[in-house]
Amino acid sequence: MIKKFIRKILGVKDTPPARDPSEPVVLGAADHGIDPRLVSSNAIRVTQTLQENGFKAFVVGGAVRDLLLGVKPKDFDIATDATPEQVKRLFRRAFIIGRRFQIVHVMFGQDLLEVTTFRGAGQASAPKDEHGRVLRDNDFGPQHEDAERRDFTINAMYYDPATQLVLDYHGGIADIRDKTLRIIGLPEARFREDPVRMLRVVRFAAKLQFTIEPHTREPIPVMAPLINNVPAARVFDEMLKLLMSGHALACLQQLRSEGLHHGLLPLLDVVLEQPIGMKFVTLALESTDNRIKAGKGVSPGFLFASLLWHQVVEKWTAYRAAGESPIPALHLAADDVLESQTEKLALQRKIGSDMRDIWSMQPRFERRTGKSPYKLLEHLRFRAGYDFLLLRCQSGEIDMEIGDWWTAFYEGDATQREDLVASANAAPAPAKRKRAPRRAPARAPGQRRRKLKRGMIAYIGIGANLGDARANVADALVRLAALDGTRLLASSALYLTAPIDSSGADYVNAVACIDSPLAAPALLDALHGIELAHGRERPYRNAPRTLDLDILLYNGERIDLPQLHVPHPRMLERAFVLVPLTEIAPDIEVPGHGPARAFLPAVAGQGIRKA
């Protein structure tokens with residue numbers, strides 16, 4: 001009585017008694033409002049068969065969630081107290097699968113239902129890896145422990161088609177009505193048990209337009225690296241579900257906002273910040289979402305080809321700048337991208353093959369004369385390549401005229417196609433128009449020929465600390481001098497510095513001065529090509545590398561482009577740039593900052609020494 005009076009004086013509300021998680025809240029048809037017509041006849045058949053043989057059986061998980069939201073589920077999962085062997089004996093086409101925990105696939109024609117046995121709470125004794133991820137778990141138990149083992153409250157409800165009752169152990173109904181996504185148990189422990197749950201949080205939040213409960217969200221940025229310990233095949237399966245959810249764009253944006261895209265599709269950080277890249281990816285994902293919502297099929301190969309295209313373009317440009325012919329350069333770029341992504345996402349061979357076909361067709365669309373268009377039309381993947389071409393046109397990457405021509409050719413009859421090819425044959429070749437500026441302009445009588453400008457003076461920073469770093473720097477100097485029309489005017493001595501924010505051997509650094517006709521973006525592409533020839537990767541900022549080339553200064557100009565900033569933003573903070581630079585150009589001016597040597601005292605303590 002006294003306690004109650006004190007709580008009243010202090011304004012403290014009575015806390016409702018803790019709910020017993022072993023006893024569910026039972027809701028009848030009038031309370032939950034599920035339309036039984038949305039339930040699969042095969043799901044009813046499985047639960048009925050199990051119940052007639054003395055077992056408990058319920059529709060469970062996402063199917064119940066969707067039924068409560070008034071949506072017809074795509075898949076129906078069944079939970080039962082029958083063991084996998086007991087389930088298998090009751091159905092003609094039933095197969096036990098799974099290593100981490102066993103489930104039964106029951107087949108009715110092409111319809112597949114997953115039947116799982118109630119899992120127990122014996123995870124403490126389950127085998128785990130060094131990070132706490134459960135490796136194998138086939139402990140069975142009562143229904144309330146099975147509910148506790150499920151990931152989110154909205155997925156931990158059980159529906160009995162026979163009685164039309166819903167059993168809710170963890171307040172899932174309330175969270176659905178509040179549009180809240182809440183994990184069951186301690187978030188840190190649950191994410192450690194299965195890091196893929198972090199990806200599922202993102203997918204459900206984006207797909208259902210639910211808010212992630214603060215305690216559920218809080219540990220995600222810190223625990224995101226645990227996804228690297230999950231088998232790549234599982235990550236790929238979850239990424240595919242995410243991209244094929246009908247809300248792919250929202251899912252990817254949510255991935256980025258939660259910091260979960262690193263190591264999965266880290267290139268999206270770059271792509272989505274570039275106007276053309278962002279428009280291209282947005283168009284591709286919107287097209288995918290619209291097809292899924294319309295009940296049409298979607299090719300995973302087309303989807304991943306779209307997401308990775310601008311990484312291919314970047315490497316393709318770099319290889320061409322390094323001297324490779326266009327078609328071999330494209331194949332090398334595709335190899336690089338597929339190899340790196342296969343390690344992270346376990347891209348299936350069929351999907352990788354489809355992606356390569358789509359990419360390799362793109363240069364062929366530019367050849368619209370002779371028999372080339374007819375041959376391309378016969379390609380097994382033509383339609384996917386053509387749709388990809390239209391995305392490139394719509395995003396502004398290439399001229400819309402190419403897409404319009406191919407649309408007319410694809411939809412036209414034999415006569416119309418002949419006319420289109422004839423018009424392409426008659427059209428002036430683009431190459432001739434490109435060569436025109438090379439011809440000297442007409443001179444008036446007595447006018448002297450003007451001396452053509454030789455090139456631009458650029459200062460290039462060079463660094464390496466993997467492999468034979470000195471040999472890599474020396475080779476970079478040779479390759480710089482070999483760029484088209486470029487002369488190596490000077491190069492500094494080699495200097496050694498400790499790595500910034502990374503472990504490993506000391507860096508070998510130098511600065512070169514070149515005279516080149518290449519515009520700054522083209523020169524940057526050429527430098528990337530040289531880096532690629534040395535196998536350079538960019539896993540994170542200041543990472544160890546076999547070779548790093550940067551444009552420090554370019555012809556005394558200030559350049560501010562999405563992919564290039566000159567003067568180099570951090571050059572005045574680093575001794576390994578300023579010391580070799582002022583060695584070969586003591587009086588060099590840094591645009592907007594003054595003489596480079598004025599900044600030497602500020603970096604004197606950085607520990608640079610000659611090799």
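- At a threshold of 4.5 Å between non-hydrogen side-chain atoms, the residues Ile103 and Ile97 count as touching.
- Side-chain atoms of Glu324 and Trp316 form no donor-acceptor pair, as typed in the model, at a separation below 3.5 Å.
- For the atom pair CG of Leu112 and CE of Met107, the computed distance is 5.0 Å after rounding to the nearest 0.5 Å.
- A salt bridge (Lys or Arg N to Asp or Glu O under 4.0 Å) check over residues 171-180, counting only residues at least two apart or in different chains, returns the pairs Asp175-Arg182.
- Closest non-hydrogen pair, Cys251 versus Val202, comes out as O-CG1, 3.5 Å.
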Quiz: residues 60-79 side-chain donor-acceptor pairs under 3.5 angstrom, not counting sequence neighbours:
unit_1 : atom_1 : unit_2 : atom_2 : d
Arg65  : NH1    : Asn155 : OD1    : 2.9
Lys72  : NZ     : Leu38  : O      : 3.4

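- Between Val39 and Ala43 the shortest heavy-atom distance is CG1-CB, 4.5 Å.
- How far CG of Asn465 is from CG of Asp548: 9.5 Å, rounded to the nearest 0.5 Å.
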task: Determine, step by step, whether Leu307 and Trp309 satisfy the side-chain contact (heavy atoms from CB on, under 4.5 Å) criterion, reporting the C-alpha distance in whole Å, the side-chain angles of both residues, the deciding distance to 0.1 Å, and the verdict.
output: CA-CA 6 Å; Leu307 292 176; Trp309 171 241; over 6 Å; no
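- Taken to the nearest 0.5 Å, the CE atom of Met198 stands 12.5 Å off from the OG1 atom of Thr216.
- Note: His247 NE2 to Leu242 CG = 11.5 Å, rounded to the nearest 0.5 Å.
- Between Glu258 and Arg217 there is a salt bridge, since a side-chain N of the basic residue sits under 4.0 Å from a carboxylate O of the acidic one.
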message: If you apply the rule side-chain contact (heavy atoms from CB on, under 4.5 Å), what do you find for Leu50 with Phe58, and how did you get there?
response: CA-CA 10 Å; Leu50 287 164; Phe58 300 86; over 6 Å; no
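- Atom CD1 of Ile183 sits about 10.0 Å away from atom CZ of Arg200, to the nearest 0.5 Å.
- Ring-centre distance between Phe55 and Phe118: not below the 6.0 Å cut-off.
- Residues meeting the side-chain hydrogen bond (donor to acceptor under 3.5 Å, both in side chains) test with Arg92, sequence neighbours left out: none.
- In terms of modelled atom types and a separation under 3.5 Å, the side chain of Glu213 and the main chain of His215 share a donor-acceptor contact.
- Scored by the ring pair (Phe, Tyr, Trp, His ring centres under 6.0 Å) test, Phe152 finds Phe204 as partners (sequence neighbours excluded).
- Residue Pro225 comes nearest to Pro221 through the heavy atom pair CD-O, 4.2 Å, listed as atom of the first residue, atom of the second, then distance.
- Note that CZ of Arg203 and CG of Leu181 are 11.0 Å apart. Values are rounded to the nearest 0.5 Å.
- No side-chain N or O of Thr49 forms a donor-acceptor pair with one of Glu52 less than 3.5 Å apart.
- Under 4.0 Å is where a charged nitrogen must lie from a carboxylate oxygen, and between Lys293 and Asp289 no such pair does.
- The two residues Ile154 and Gly172 come nearest to each other via the heavy atoms CG2-O, 4.1 Å.
- Taking each heavy atom of Ala156 and Ile184 in turn, the nearest pair found is CB-CD1, 3.6 Å.
- With salt bridges taken as basic N to acidic carboxylate O contacts below 4.0 Å, none links Lys279 and Glu397.
- The two residues Gly28 and Leu165 come nearest to each other via the heavy atoms CA-CD2, 3.9 Å.
- Looking at Tyr169 and Thr153, their side chains never come closer than 4.5 Å, going by heavy atoms from C-beta outward.
- No side-chain donor-acceptor contact under 3.5 Å links Tyr158 and Asp168.
- Proximity of Gln102 to Thr116: side-chain heavy atoms (C-beta onward) are nowhere separated by under 4.5 Å.
- Between Asp335 and Lys315, none of the side-chain N atoms (NZ, or NE/NH1/NH2) sits under 4.0 Å from a carboxylate O, so this pair counts as no salt bridge.
- Side-chain contact between Leu27 and Ile173 is present, with heavy atoms from C-beta onward closer than 4.5 Å.
- At a threshold of 4.5 Å between non-hydrogen side-chain atoms, the residues Phe388 and Phe280 count as touching.
- Salt-bridge check for Glu193 with Arg190: passed, with a basic side-chain N closer than 4.0 Å to an acidic carboxylate O.
- Donor-acceptor pairing under 3.5 Å is recorded for the side chains of Asp160 and Gln51.
- With a 4.5 Å cut-off on side-chain heavy atoms, Phe91 and Val104 do not count as touching.
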Which donor-acceptor pairs under 3.5 Å do the side chains of residues 377-386 make with protein atoms, sequence neighbours left out?
unit_1 : atom_1 : unit_2 : atom_2 : d
His379 : ND1    : Arg381 : N      : 2.9
Arg383 : NE     : Asp387 : OD1    : 3.0
Arg383 : NE     : Asp387 : OD2    : 3.3
Arg383 : NH1    : Tyr410 : OH     : 3.3
Arg383 : NH2    : Asp387 : OD1    : 3.4
Tyr386 : OH     : Thr407 : OG1    : 2.7

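- For the side-chain hydrogen bond (donor to acceptor under 3.5 Å, both in side chains) test, no residue two or more places apart in sequence or in another chain qualifies with Tyr159.
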message: Quick one, Met244 with Ile292, criterion side-chain contact (heavy atoms from CB on, under 4.5 Å). Give me CA distance, side-chain angles, the key distance, then yes/no.
response: CA-CA 7 Å; Met244 309 282 271; Ile292 289 171; 4.2 Å; yes
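- The main-chain N or O of Arg349 is never found under 3.5 Å from a side-chain atom of Ser353 such that the two would form a donor-acceptor pair.
- The shortest side-chain heavy-atom distance between Asn290 and Lys296 does not fall under the 4.5 Å cut-off.
- Asp139 and Arg119 are not joined by a salt bridge, as no carboxylate oxygen comes within less than 4.0 angstrom of a charged side-chain nitrogen.
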- request: Evaluate the side-chain contact (heavy atoms from CB on, under 4.5 Å) criterion for residues Leu308 and Met355: first the C-alpha distance (whole Å), next the side-chain angles of each, then the deciding distance (0.1 Å), finally the verdict.
  value: CA-CA 9 Å; Leu308 298 171; Met355 293 165 66; 3.5 Å; yes
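- Considering only heavy atoms from C-beta on, His105 stays 4.5 Å or farther from Ile96 through its side chain.
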